[in-house]
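On a predicted model such as this, the values are computed, not experimentally measured, just so you know. Order of the sequence lines sets the chain letters (A, B, ...), proteins ahead of strands, with each chain counted from 1.
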There are 2 protein chains.
Amino acid sequence: MASPRTVVADAAARKLVSRTGRASSAPRLGLVPAVQRLPLDEILVGDCIEAMNRLPASSVDCVFADPPYNLQLGDASLMRPDQSRVDAVDDDWDKFASFASYDSFTRDWLTACRRVMKPNATLWVIGSYHNIFRVGSALQDLGFWILNDIVWRKANPMPNFRGKRFTNAHETLIWASRSAESKGYTFHYDALKGGNEDLQMRSDWFIPLCTGDERLKGADGNKVHPTQKPEALLARTLLSATNPGDVVLDPFFGTGTTGAVAKLLGRRFIGCEREEVYAEAARRRIDAVVPLSRAALLVAPTKRAEPRVPFLSVVEAGHLKAGDVLTDERRRFKATVRPDGQLDVGVAIGSIHKVGALVQGLPACNGWTFWHAERAGKLVVIDTYRAKLRAVMGAAG
Amino acid sequence: MASPRTVVADAAARKLVSRTGRASSAPRLGLVPAVQRLPLDEILVGDCIEAMNRLPASSVDCVFADPPYNLQLGDASLMRPDQSRVDAVDDDWDKFASFASYDSFTRDWLTACRRVMKPNATLWVIGSYHNIFRVGSALQDLGFWILNDIVWRKANPMPNFRGKRFTNAHETLIWASRSAESKGYTFHYDALKGGNEDLQMRSDWFIPLCTGDERLKGADGNKVHPTQKPEALLARTLLSATNPGDVVLDPFFGTGTTGAVAKLLGRRFIGCEREEVYAEAARRRIDAVVPLSRAALLVAPTKRAEPRVPFLSVVEAGHLKAGDVLTDERRRFKATVRPDGQLDVGVAIGSIHKVGALVQGLPACNGWTFWHAERAGKLVVIDTYRAKLRAVMGAAG
DNA sequence: CGGCTAGGTGAATCTGACA
DNA sequence: ATGTCAGATTCACCTAGCC
């Protein structure tokens, strides 16, 4: 479990990944070399770039990365490409060297991530003003396509003790797809809107810091990791941009917030972590997580995902008859239903959408919500009949 | 450096400004060559880099820059759900051939700014995710020292019409000093705190868009400039980081919000603007500004709307857990809390309001007062949890 | 004058299935 | 790759006009 080379043989538990970007339901043991199997729900201890380079290409659905932030403190985690340590610096040349080595490091891990991302996978990176501009630029240079920047507004930030600056009360996340052509990325628009009082979820999120019981403490009572992120933050990202069963890669796993939340939410994870101390804390933490029930994780069907119903089927089912006259909500326009499922508005014949657009002089129109039928003196929107057909179709399996 | 040949010859010119970073109050005409005099409260029409290179070095106290964002919009125009067309920013001045050319442009104007900044001057830049990472990286590369990144949270952002991303509800400002050694920059910590109900001013600011009477309109009734910034945003930056009498340089002056607010607050300005149309509108606008009295130059307390709390935040905060069962006051209906902040009533999944209305057969319902949780055998209305979160959010607006 | 409704608008990298 | 077309998609303000 601890070794980066650990490969667990139970491939059935591990859903091999097809090239189309979806987990195949049938395991294909024997067809794929062992090295190509995904080490799901494991922590790969060691250098994250080496670890990622051993994973098969196009194999993960999402990446969450919380890379080292700090450029100026000589952080031990920041290494030059030649593996020498970057020292604390105070003159311009060293500053440049420090930025350059951080940029190089950033390009390297982002490149490794990009290779293992499926075509429609997305990547999240969190950072502060110390590093986020470097990361964002590198992302764009490598061909990632930024979808949003998200502001994590901290409920309880550390005050600025010296009174020389504004209280640093937020961090920034970048959400990006693999490329500008990745149009099919996962985004649970409707679920987010439903959890936000039926308003679109905005790019500014208000979430408390990770404190209290959630914060991992060592035997000495000190926090195990200096920058443990709140589970609520990870939960919102994974609920937004992944489906149950999706594979989430975290190249800077730390104490495993990504893994804990992934397990809780029925996602799979792959973590990379250089420090065995953190990895061990993460393992214990994740073992204790009890996943939510499948029912709680069901993705509610969205309008977009519902089966298409031809208007002709509404006529065939008898909800409307050839010759029936439809109108709009304000009874400004009239159209006659034809037996072939088109509408006749006198000057033209066409689909419910086409003629709806035509009579209004608009470039487009959703005929299902525009046209109404007269029923007992009241107007009934024809989308009602589509809904009835869909209910029947659902019952039929 | 844009032009290595640009050298300010006359050291006496720099005496126009003292080393403490304050403009001298007495003009010293005759001692300074004409070319070295600061064109105070003027708009320099033309290329901003050339204009800045003609200014004496170390002569301005503050820079506010609203550069082109380099939006990379597709060819197709974006339609609202009502089929009206979104008025996109498609002006020529926002077109760049590549990231490289945008970076080059950014380095050039930042370099020119840096030369004219006094040692303790600070610079503000505003941008969106399209360009702010490029700008931030360039800043750091050129030796600027980032003091804060500030999030302008828009009260009324444009929605995401296609439901494909989070509502882009903020822009980012970077506040930077000329170098890491610039320790004596201006920051009115106490005034800001006093204007913020005695709480430190945070890095996230909630300010409405520039609309209504404040928005400059042409004779045709159309907006003069596509991206006019709100005066409240400029006011907070100038009150934070300049003193009365300070010189504020704006290399992308547009319709002169920086100048109007500078005059209002008793600061001097220098504007650069390439388009005479914008410059002329700015002149007329600034002429009409009546400066505030000195006493009025304190930070006006901002009225705060009661913060909206997503139901998802109640779940994230742990007041309710995924799987918890809610009911109404008379225990007629049951609903299960989902991890995404929606409720599941078996036949449907949706917001607390939607499913509350659904189970009652009503057109609408306030879910906050309808749904209750069972706590120690008693029912607790979920609005209780919203109130708790609002108490936490109070400080943060 | 007030209340109500209808309409307009803001820095936007904004569809997807199928032929 | 390109074209066609079904059909899904908006929040907080502000102004104008009507009663």
Side-chain angles (χ1 to χ4, degrees), chain A residues 120 140 144-149 176-177 179-181 183-185 187 189-190 193 196-203 302-311 330 341 350-354 356-357 362-371 383 386, chain B residues 66-91 93-96 99 126-132 152 154-172 206 208-215 217 221-223 225-230 252 254 305 308:
Chain A
N120 280 322
Q140 292 178 311
F144 287 92
W145 191 246
I146 298 180
L147 299 168
N148 279 113
D149 60 335
S177 62
S179 82
E181 290 70 47
K183 299 288 190 185
Y185 58 86
F187 179 56
Y189 174 79
D190 295 289
K193 189 174 172 181
N196 190 38
E197 301 197 69
D198 295 318
L199 296 171
Q200 293 188 335
M201 185 65 78
R202 297 171 40 124
S203 57
T302 66
K303 268 190 163 178
R304 279 193 175 96
E306 289 193 272
R308 205 178 79 78
V309 175
F311 181 68
R330 289 198 270 163
S351 73
I352 54 174
H353 312 296
K354 277 273 173 63
L362 292 176
C365 165
N366 184 340
W368 289 110
T369 53
F370 178 71
W371 294 110
D383 205 19
R386 182 172 63 162
Chain B
D66 183 8
Y69 285 11
N70 189 25
L71 299 186
Q72 294 162 55
L73 305 180
D75 293 332
S77 63
L78 178 64
M79 294 297 195
R80 302 167 196 269
D82 65 3
Q83 301 301 324
S84 64
R85 209 174 62 82
V86 173
D87 186 15
V89 176
D90 52 5
D91 306 67
W93 49 253
D94 198 44
K95 300 259 195 297
F96 292 85
F99 281 129
I126 184 167
S128 67
Y129 67 82
H130 310 85
N131 71 323
I132 199 67
W152 167 28
K154 301 181 183 183
N156 44 348
M158 193 185 307
N160 185 288
F161 294 116
R162 303 307 295 262
K164 295 297 293 180
R165 304 179 177 194
F166 299 94
T167 305
N168 206 347
H170 74 276
E171 292 187 22
T172 301
F206 187 75
L209 295 177
C210 176
T211 59
D213 288 342
E214 191 187 319
R215 187 87 194 211
K217 305 270 173 40
N222 292 328
K223 58 193 176 198
H225 195 282
T227 70
Q228 187 181 338
K229 294 295 177 289
F252 307 99
R308 208 174 53 73

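Considering only heavy atoms from C-beta on, B:Gln83 stays 4.5 Å or farther from A:Cys365 through its side chain. For the pair B:Arg308 and A:Glu197, the minimum side-chain heavy-atom distance is below 4.5 Å. Looking at A:Thr302 and A:Tyr189, their side chains never come closer than 4.5 Å, going by heavy atoms from C-beta outward.
Not one N or O on the side chain of B:Asn131 forms a donor-acceptor pair closer than 3.5 Å with the backbone of B:Asn70. Judged by distance alone, the side chain of B:Thr167 and the main-chain N or O of B:Pro159 form no donor-acceptor pair under 3.5 Å. With hydrogens and angles ignored, the 3.5 Å screen pairs no side-chain donor or acceptor of B:Asp91 with any backbone N or O of B:Trp93.
D:dG7 and C:dA19: their P atoms are spaced 14 Å apart (whole Å). A distance of about 11 Å separates the C1' atoms of C:dT9 and D:dT10, rounded to the whole Å. D:dA1 and C:dG16: their C1' atoms are spaced 16 Å apart (whole Å). The gap from the C1' atom of C:dC1 to that of D:dC19 amounts to 12 Å, rounded to the nearest Å. Rounded to a whole angstrom, the distance from the C1' atom of C:dT13 to that of D:dA12 is 23 Å. Using atom C1' as the reference point in both C:dG10 and C:dC14, the two lie 15 Å apart (nearest Å).
No engagement by A:Glu197 is indicated, since no non-hydrogen atom pair under 4.0 Å with the nucleic acid exists. No contact: A:Arg202 has no heavy atom under 4.0 Å from any strand.
When the salt bridge (charged side-chain N to carboxylate O under 4.0 Å, His left out) test is applied to A:Lys354, no partner is found at least two apart in sequence or on another chain. The salt bridge (charged side-chain N to carboxylate O under 4.0 Å, His left out) check on B:Asp90 picks up nothing, with sequence neighbours excluded. Under the salt bridge (charged side-chain N to carboxylate O under 4.0 Å, His left out) criterion, A:Arg386 pairs with A:Asp383, not counting sequence neighbours.
Remark: DNA chain D forms stems of 3 or more consecutive Watson-Crick or G-U wobble pairs, all pair distances under 3.5 Å, at C:2-10 with D:11-19, C:15-19 with D:2-6.
Mapping A:Asn366 and B:Ala155 onto DNA chain D by nearest heavy atom places A:Asn366 at the nucleotide closer to the 5' end. Mapping A:Trp368 and B:Thr167 onto DNA chain D by nearest heavy atom places A:Trp368 at the nucleotide closer to the 5' end.
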- request: Mark up nucleotides 7-19 of chain C, 5' to 3', with B wherever a protein heavy atom is under 4.0 angstrom from a base atom, S wherever such an atom reaches only the sugar-phosphate, and - elsewhere.
  value: --SBBBBBBS---
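You can see that DNA chain D meets the heavy atoms of chain B within a 4.0 Å-exclusive cut from D:dG7 to D:dT15, reading 5' to 3'.
Within a 6.0 Å sphere centred on CG of B:Asp213, other residues, nucleotides and ligands contribute 12 heavy atoms or fewer.
Taking the syn range as angles within 90° of 0, the glycosidic angle of C:dT5 is outside it, so the base is anti.
In the model, A:His353 has no side-chain atom that pairs as donor or acceptor with a side-chain atom of A:Ser351 under 3.5 Å.
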